[in-house]
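Below you'll find the structure, written out as structure tokens, and then a few comments.
Order of the sequence lines fixes the chain letters, A, B, ..., with proteins taken first and strands second; residue numbering starts at 1 for each chain. Fair warning: this is a prediction, and the values are worked out from it, not measured in the lab. Heavy atoms only: backbone and side chains are in, while hydrogens, waters and symmetry mates are out.
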There are 2 protein chains.
Amino acid sequence: MRTGIATVCLSGTLKEKMQACAIAGFDGIEIFEQDLVTSPLSPEEVRKMAADLGLTLDLYQPFRDFDSVGKDLLAANLRRALAKFRLMSRLGMDTILACTNVATATIDDDGLRAEQLAALAGLAGEHGVKVAYEALAWGKYVNDYEHAHRLVEMVDHPNLGTCLDSFHILSRDWDTAPIEAINPDKIFFVQVADAPKLSMDVLSWSRHYRVFPGEGQFELAKFMGHVVRAGYSGPVSLEVFNDVFRQSDVERTAVDAMRSLIWLEEQSAKWLEAGVGGTAAGGGTVAGGPPAAARRRYPMELATLPQVAEPAGFNFAEVKAADTAALETVLGQLGFEFNGRHRTKDVQLWTMGHARVIINEQAPDGAAAPAIAAGIAALGFDVDSPVIASARAQQLKAPVVPRKSQANEEVFQGFAAPDSTEIFLCQGSPDGTAAWTGEFGEAGEFGETGEFGQAGEFGEGLQVPAGGNAVIDHVNLAQPWQHFDEAVLFYTSALALEPQPFAEVASPSGLVRSQVMQTSDRAVRLVLNLAPLIQQDGAQTYQEHIAFAVDDLVATARAARDRGLAFLQIPENYYEDLDARFDLEPGFLDTLRDLNLLYDRDADGEFLHFYTATVGSVFFEMVERRGSYDGYGAPNAPVRHAVQYDHLHELTTHTITH
Amino acid sequence: MRTGIATVCLSGTLKEKMQACAIAGFDGIEIFEQDLVTSPLSPEEVRKMAADLGLTLDLYQPFRDFDSVGKDLLAANLRRALAKFRLMSRLGMDTILACTNVATATIDDDGLRAEQLAALAGLAGEHGVKVAYEALAWGKYVNDYEHAHRLVEMVDHPNLGTCLDSFHILSRDWDTAPIEAINPDKIFFVQVADAPKLSMDVLSWSRHYRVFPGEGQFELAKFMGHVVRAGYSGPVSLEVFNDVFRQSDVERTAVDAMRSLIWLEEQSAKWLEAGVGGTAAGGGTVAGGPPAAARRRYPMELATLPQVAEPAGFNFAEVKAADTAALETVLGQLGFEFNGRHRTKDVQLWTMGHARVIINEQAPDGAAAPAIAAGIAALGFDVDSPVIASARAQQLKAPVVPRKSQANEEVFQGFAAPDSTEIFLCQGSPDGTAAWTGEFGEAGEFGETGEFGQAGEFGEGLQVPAGGNAVIDHVNLAQPWQHFDEAVLFYTSALALEPQPFAEVASPSGLVRSQVMQTSDRAVRLVLNLAPLIQQDGAQTYQEHIAFAVDDLVATARAARDRGLAFLQIPENYYEDLDARFDLEPGFLDTLRDLNLLYDRDADGEFLHFYTATVGSVFFEMVERRGSYDGYGAPNAPVRHAVQYDHLHELTTHTITH
């Protein structure tokens, strides 16, 4: 698949954009007119630069508001087109995008439109230019790709074809199957964009909220499947108007964009292999053949990636802290056991059942610190084959994180997620253990510990309840606003997590957008939180956390209290509201209140949880899921935020203003 | 008018919100349930704190999803209501907001609904609670205020009335005139919110984009006029869900909110005095009487403000700079004359026709510097009566800026705009001069100058063209994202400028939202620019500018070039595109190209302009308006942004990558 991207997707100058596209590995680009008009580079310089960078100049765009006009305006529009055709000749470009008229159209007559488009095609032909006519979703008279294609057929000129843009088609919910009926010679260009499903006017939606494939909710693999089946083999090019991408680092956004096409290519191949849906040119249903046959069958070749299953679980979570003593205390109080220091690295291992937490004693690197001070430094995921998963991630342009290791130590394949959290791919084991834990302490997992004392340090005689089945339930990571969409695609494509519909949670500092990414069996649940801007500018810090699931939360909480844990203190008002909402058993309500537990219930089950006080910018949560409860106690999140905010602002319940 | 505000409008904890509301001068508040539930304050502590702060607790809200349900759910809902009525008794509150059901309603039957509401009212009556039933715009069966009111009439219980919320009524375009027909004893509460007119699903619109009155596009004075005519005299309370306000400084947002109600009160009084529209309770049209009569006539008393006309023009613009030499050079090259230093202050006066620029040699105060490094420090506006205008601004809670002055010097009334620009109210004079200029130099305006040389410094023999009629055409100010809406209201209410529909301009750093505020005669044009976030975090700086209008831009440009002005260099590609679009006279196009002039044309006229290079974070623009051209050359703004960005990034046209 030939990859392309429109310069309007990126920030910076035309020169910066072209360089970034070349570095990211695109085959070609679309030149958005405004980027050329505002550039000090001459057309000849742009042409040379593209050649030097190995980029083809695939599409000049857009040419607006040509057709459906009166005679005088038509003459002016042809004059305008001539100037652009001459410019394209200097650029060495042969295809221009002409959108259907939105502003100046006054005559709704397909016959006249065809005549006018024929005139444009004729002029284009004289200058060796091909016109790709595209139906805008908000075109005044032509807003449907099939209508645009009918006009192309009516004109029947070698220099007039159509451009298919996934946004304009999927935003209007047009059926994509008829794409297969289009003569591939008449598909001059294909543009792809994804978008969240928003209920707003389509122009605003289009101009601000498009995202790269995999970051929204459009069925792009299906769209592409139909395009491939139609026999198209030209560039597949991103045209994404997005307010955030327009101001993000250009090289980084270009890589995000490239990743989205690599992923889309794979998804499209899979869709074709599955052979679902779709109508062939002749009208019959096409059943997909075996993979190789599917790829051989169409002019467009679709590359695939190393295949991975979704991760089987969290292997570990790593927390970096200047003050490791406070972290050690909290983990010990929660019921974690200290498993010793690593043989060669300044890290400690703490475990509770199958939940493993590494405390990294290395001071965070100030220079490389992300905008949001992250307390969670790394996450390990159990995968079938770290080598294959790593190869996949690298093909998806995940930045590799070097991990030094000594002889005889397990080497993790590591990548930096968009928020700088390090992601490690680990060999899972069916019994939930991890081989590398033997590198800690003297006697391996759960054995004798190192200098940091015994497992029983926090109360020799106490039972450690529920530790046996404890696992990491979920991890909440704060995402910088510039990289939120990129993170969704990263975890979707490189780690096979599935994005869920997002939620919004109120906090005293503003709304938090919360995006769950999870595996189908919920063994991995990752929550990406887009913190309010005010918490991203250094004035405040958004807190991240790791949640552990246990079998018996009440017992876990009691033991933790006995060990002196500082619980997040839940206001009495919460329990009164809880009782009003759920009509709880008085004894159970007292237990919740007594232990600072939070509670939620829905049709699927119940959820009990509590939070620790915050250490640095990290805190911990313990949860118990009853029945098939699948959420995260979202109704309780505002309480948690408010209490944490109160602590941060050092207010107490007793300083009432008089 | 009794003023109120819902705690959900503000950031912070309940305690912080209450304190901020008291400081801003609100009479009462609505307690948003989540704010209480998440608070460590007991209901009794909240009650005492409100009393101590002089705030009444006007409304407990919301009680959701009560009616239109089956028998079991009704019982649970009544149980839930009972818990809330008991809570309200502890809070000392007597009114609760019940919204129409959006989530759990299953039975669409007004008879049943009335029965269920009667049960709720009966229970409320036992606890001294009044239920204000409000139609949500997206209510499942009841989404229209007249429908909600009909149900209230059907139930006919003293403890059941209705709540009118401007958002739920105006977002659905419901006719507001029938409000006058509602029995005022049945209007238990009135909530107001403004909003930009967005075409999106009403729930998202409501939850994220509401703004304070005067910051959006709803006809709120009309809405309030009908409410007043109905005979309502209770609190008028803001309920504004806004993503930005929720994370802005709580005290500042509370003042912004209070300003909006003060302004709305005045606008409502004016609407009533004008006597436009509306239907009286009896069905006849009500014609407004004289002002005093209008205010006497209804139970709600509406305070008015000192009245001011829109400003007659800019009196001056003041630029602060560390490097004043560079500013002096640019102004001189543009054709400004140096008018000397101030007698007692470290400022210089430069003039060109009626355009006055003060260069402030005081180094900016680092500690008080706003998030956006502003180059434009102050603006003076000509008003009829600075004393009256100042009194108005102070009543609108504009923060006063102290301006030291010596004996015999004109004292300006000054205020800090939301972006920290200082706004001075000056005595205008019909001939466009300003008395205070006599405080500069030795011999007064245009007389002999001080140590900074003679007026002819930049070329003794040159003609100074067009200077005689030069005026400040417009000023562009960068607005921090936290204070953009606040700024719109500030200039609307305190300075009588009219907001225009906003535009969006592409720049290499992202989209710039551009909001014009102007007088009806265009003597004052102020452009508020919301820069991309990336330019607000310190990494980049958004540049502000002052534009001067002259009679002959070409002559002005030629003279400036002769004086050595560094023009913003416009790319050749721009002129080719201009020619393609406008089919210009070749000679005229050459002139534009030769002088780095930009050009625009529309049905009203033509616009010629050029920009200087940037000094610090300020640059200047010279414009010529031909015909009735009323815009700002918006199609050219991306060119300007791109070239400025290029300069900032120190790229040149000749470093092509090989």
Q) Do A/Arg90 and B/Glu576 meet the salt-bridge criterion of a basic N to acidic O distance under 4.0 Å? A) yes

Q: Specify whether A/Phe582 and A/Tyr599 have parallel, tilted or perpendicular ring planes, treating 30° as the upper limit for parallel and 60° as the lower limit for perpendicular.
A: perpendicular

Q) Heavy-atom distance under 4.5 Å to chain A: side chain of B/Glu504, backbone, both or neither? A) side chain

Q: Among the options A/Gly510, A/Ser199, A/Ala642, A/Ala83, pick out the one with the most heavy-atom pairs lying under 4.5 Å from chain B.
A: A/Ser199

Q: Name the region of B/Lys84, side chain, backbone, both or neither, that has any atom closer than 4.5 Å to a heavy atom of chain A.
A: side chain

Q) Which region of A/Arg513, side chain (C-beta onward) or backbone (N, CA, C, O), has a non-hydrogen atom less than 4.5 Å from a non-hydrogen atom of chain B, or is it both or neither? A) neither

**Q.** Structural part of A/Asp579 lying under 4.5 Å from a heavy atom of chain B
**A.** both

Q | Part of B/Ser42 within contact of chain A (heavy atom distance under 4.5 Å) | A | backbone

Q. Does B/Leu41 offer a backbone N or O that forms a donor-acceptor pair with the side chain of A/Asn573 under 3.5 Å?
A. yes

Q) Under a 4.5 Å heavy-atom cut-off, does chain A meet the side chain of B/His641, its backbone, both or neither? A) neither

Q | Side chain / backbone / both / neither for B/Ser11 at chain A, heavy atoms under 4.5 Å | A | both

**Q.** Among A/Val46, A/Thr38, A/Val37, the one residue meeting side chain to side chain contact (heavy atoms under 4.5 Å, CB included) with A/Leu14
**A.** A/Val46

**Q.** A/Gln34 portion near chain B, given a 4.5 angstrom heavy-atom threshold
**A.** side chain

Q) A/Arg79 versus chain B, heavy atoms under 4.5 Å apart: side chain, backbone, both or neither? A) side chain

Q.
I'd like to know if the side chain of B/Asn529 reaches the main chain of B/Ala531, judged simply by a donor and an acceptor atom lying under 3.5 Å from each other, with no hydrogens or angles considered.
A. no

Q. Which atoms of B/Asp243 come close to chain A, meaning under 4.5 Å heavy atom to heavy atom: side chain ones, backbone ones, both, or neither?
A. side chain

Q: Could you look at A/Glu33 and say if it's the side chain, the backbone, both or neither that has a heavy atom under 4.5 Å from chain B?
A: side chain

